[in-house]
Each structure stands twice: as C-alpha cells, then as structure tokens.
Student: 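Got a structure for you, written out below as structure tokens; questions coming shortly.
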Amino acid sequence: MPLVSELSLDSAETEILARVRGEPFLQLPQDLYIPPDALEVFLETFEGPLDLLLYLIKRQNIDILNIPVADITRQYVEYLDLMQNMRLELAAEYLVMAATLAEIKSRLLLPRPTLDDGGEEIDPRAELVRRLQEYERYKQAAEDLNALPRLERDLFAGSAPLLEREVVRKPPPVSLAELLQAIREVMQRAELYTQHQVSREPLSVRERMSRILETANSEGFIPFTDLFEIDEGRLGIIVSFLAVLELIRESLLELVQSEPFALIYIRLRT
C-alpha cells in the first residue's frame, strides 16, 4: 500500500513540457539546433529597375537630365550583389537594366560621339532619361490616386434596415370656435335670401333631428353646411343647428375635419 502512494506522488510532480502528436515530452531534447538563417525578413523596397534607379538619383539629389552613369552603375551593381547575398531571387529586368547601364557607359567612353540625322550629337543617356521621367510621372500619379479616400479602406458606407412603419393619421378635433364660425357663415348667407313672410311654419327640433339622422344614414359623410336650408331663414338655420348639437350631445353624430380650417363633415357615430 505505501508503494502505490509513492508512485502516485511521483506521477503528479512530473511536468509535461509539450505534446507532439499526442505523445508527451517530459524533458527538452539535447540535440536541438536552430540554423542562423532559419529566420529571414524580406522587405520589398523597389518595384523594378526603374524604381531603383530613381531612388539612387533622388537620394543624391542628382539632376535627372545629367546622370553620372559611372556612379549610378556602381551603386546599382552593389545593390544587385546585396540582393544575391541575401538570397533574393533577381528578376531578369534588373539584369537587363545593369546591361543597359554598362552599354551607356561604354558608349560614353567612345572617342567619336554618335550623330543624328540633323548632325547633332546623340546623348546615350537620352532614352534612359525619357524612361525615368515617364516612370516618375506614372509613379507620382499612382501615389496621388492611392492618397485619395477609398471605399472600404478609408470610407465605409453605412446601411440600416428600412422598417415598415404604419402611420395612423388622426383627424384634428373640431373646436367650438370653428363650429360657431361655420354657423356664422351660414347665417350670413341666409341673410341674402331673407324674405318677408306673412306666416311662419312651426319648426320642431325633434323632427329636424330625425331628418338629419335619415340623411346621414343614407349618405355617410355630409358637409356641415348642407344641413341648413337657406330658404327657411334665420329660424330654420337655428333649429337645424340646435338639432345637430343635440345629436352630438347624445353621441349619435360626430364631426370630422381632414385638417385645420378645412371643411367640416358630419357622419353617424359608429
């Protein structure tokens, strides 16, 4: 029994350093070797031979129209040797440019300069200068375009779901002042048709209430002004107005208006 306890204690104190494919490693290997070139950092500084030449010219503030080919060629070849020492794969364009520089240098060393059709001396560097100027313009244009704000890089379009919303438009309430203004306009129109009456027919508010209910039941919405008959004069208008007020008080009619100061309508209350 004590032997089992000691074995369990030793297993608990053992530390597993790592697991490789499920197998535990309890100690570091003695023959661990890391080569010095296991980690290499590659920096893409130049995009091509023209970019490298332009960098060498600008670094020394050299006039692009008067390039010292010997110095530039020496620095260019040193950079190529550095790339080879760093085990970088050289593109054929770099080697072609090195050969072009060597050709220009050799042509400059010739005792007799080359003449064009007009008898003027041809500068061997002219074609290279033209290519460098053209490349510089395109490179500057590319940098200017890259500096502009770009969608999904500097700017991000915002979006939000459009939720359907049902808008319930409630008609504005009809105030007592508007109702009195409407009856006043009816009274003013009735004055235009006032006639001398020898005898007056008795008018009943209850009878007028029944007539208004029948009209509202058959026609639905009725303009408030259509409830009054101008031929009945002032008395008929007052009776009709009292009948309307009584029906509203008894919750049999309601007033409806689409917007403030609009025409007032009357309908049966549902």
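Fair warning: this is a prediction, and the values are worked out from it, not measured in the lab.
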Student: Which pairs with one or both residues in residues 227-251 pass ring pair (Phe, Tyr, Trp, His ring centres under 6.0 Å), sequence neighbours excluded?
Tutor: Phe224-Phe228
Student: Please examine the side chains of Ile67 and Leu53, heavy atoms only from C-beta on, and report whether any two atoms are closer than 4.5 Å.
Tutor: no
Student: Please output the side-chain donor-acceptor pairs of residues 138-151 that fall under 3.5 Å, not counting sequence neighbours, one pair per line with the distance.
Tutor:
from	atom 1	to	atom 2	distance (Å)
Lys139	NZ	Asp51	OD1	2.8
Gln140	NE2	Asp144	OD1	3.1
Asn146	OD1	Arg150	NH2	2.9
Asn146	OD1	Arg153	NH1	2.9

Student: Once salt bridge (charged side-chain N to carboxylate O under 4.0 Å, His left out) is applied, what residue pairs with a partner in residues 57-72 remain, sequence neighbours excluded?
Tutor: Lys58-Glu136
Student: Output the distance between atom CZ (Arg208) and atom CG (Leu247), rounded to the nearest 0.5 Å.
Tutor: 11.5 Å
Student: Tell me, with the steps shown, if Glu229 and Arg211 meet salt bridge (Lys or Arg N to Asp or Glu O under 4.0 Å).
Tutor: CA-CA 12 Å; Glu229 297 180 4; Arg211 187 191 304 177; 3.5 Å; yes
Student: Which value, rounded to the nearest 0.5 Å, describes the distance between Ile57 atom CD1 and Leu132 atom CG?
Tutor: 5.0 Å
Student: Which pair of heavy atoms, one from Pro68 and one from Ile62, lies closest together, and at what distance?
Tutor: CD-CG2, 3.4 Å
Student: Can you tell me how far CD of Glu103 sits from OG1 of Thr73, rounded to the nearest 0.5 angstrom?
Tutor: 11.5 Å
Student: Run the side-chain contact (heavy atoms from CB on, under 4.5 Å) check on Leu268 and Leu252 step by step: do they pass?
Tutor: CA-CA 6 Å; Leu268 290 177; Leu252 297 177; 5.6 Å; no
Student: Determine whether Leu50 and Arg131 make a side-chain contact, defined as any pair of heavy atoms from C-beta on separated by less than 4.5 Å.
Tutor: yes
Student: State, to 0.1 Å, how close Pro49 and Tyr76 come at their nearest heavy-atom pair, and which atoms those are.
Tutor: CB-OH, 3.4 Å
Student: Can you tell me how far the CG atom of Leu54 sits from the OH atom of Tyr135, to the nearest 0.5 Å?
Tutor: 7.0 Å
Student: With the side chain counted from C-beta on, respond yes when Met187 and Ile237 share a heavy-atom pair under 4.5 Å apart, and no when they do not.
Tutor: yes
Student: Could you pull out all residues at least two apart from Ala102 that satisfy side chain to side chain contact (heavy atoms under 4.5 Å, CB included)?
Tutor: none
Student: Stepwise, does the side-chain contact (heavy atoms from CB on, under 4.5 Å) test hold for Tyr79 with Leu52?
Tutor: CA-CA 9 Å; Tyr79 180 77; Leu52 173 57; 3.2 Å; yes
Student: What are the two closest heavy atoms between Asp226 and Ile222, and how far apart are they?
Tutor: CB-CG2, 4.2 Å
Student: Measure the shortest side-chain to side-chain distance between Leu245 and Leu179 over non-hydrogen atoms and say whether it is less than 4.5 angstrom.
Tutor: yes
Student: State, yes or no, whether a side-chain contact exists between Glu185 and Thr225 at a heavy-atom distance under 4.5 Å.
Tutor: no
Student: Salt bridge or not for Glu250 and Arg206, using N-O below 4.0 Å?
Tutor: yes
Student: For the atom pair CD (Gln75) and CG (Leu101), what is the distance rounded to the nearest 0.5 Å?
Tutor: 11.0 Å
Student: Evaluate the side-chain proximity of Ile266 to Val256: yes if any heavy-atom separation is below 4.5 Å, no if none is.
Tutor: no
Student: Where is the tightest heavy-atom contact between Ile264 and Ala182, given as atom of each residue plus distance?
Tutor: CD1-CB, 4.5 Å
Student: Can Ile104 be reached from Val77 by stepping across I, L, V, M, F, W or Y side chains whose heavy atoms are under 4.5 Å apart?
Tutor: no
Student: Looking at Glu127 and Arg130, is any side-chain nitrogen of the basic one under 4.0 Å from a carboxylate oxygen of the acidic one?
Tutor: yes
Student: Check whether any side-chain heavy atom of Ile72 lies under 4.5 Å from a side-chain heavy atom of Gln60, and answer yes or no.
Tutor: yes
Student: Can you pull the side chain to side chain donor-acceptor pair (under 3.5 Å) pairs that have at least one residue in residues 165-179, sequence neighbours excluded?
Tutor: none
Student: Kindly give the heavy-atom pair with the smallest separation between Gln257 and Leu263, and that separation in Å.
Tutor: CG-O, 4.0 Å
Student: If the threshold is 4.0 Å, N to carboxylate O, is there a salt bridge linking Glu134 and Arg137?
Tutor: no
Student: On a heavy-atom basis, which atom in Ile212 and which in Ser240 lie closest, and how many Å separate them?
Tutor: CD1-O, 4.1 Å
Student: List for me each residue that meets side chain to side chain contact (heavy atoms under 4.5 Å, CB included) alongside Ile238, sequence neighbours excluded, and say none if there are none.
Tutor: Arg234, Leu242
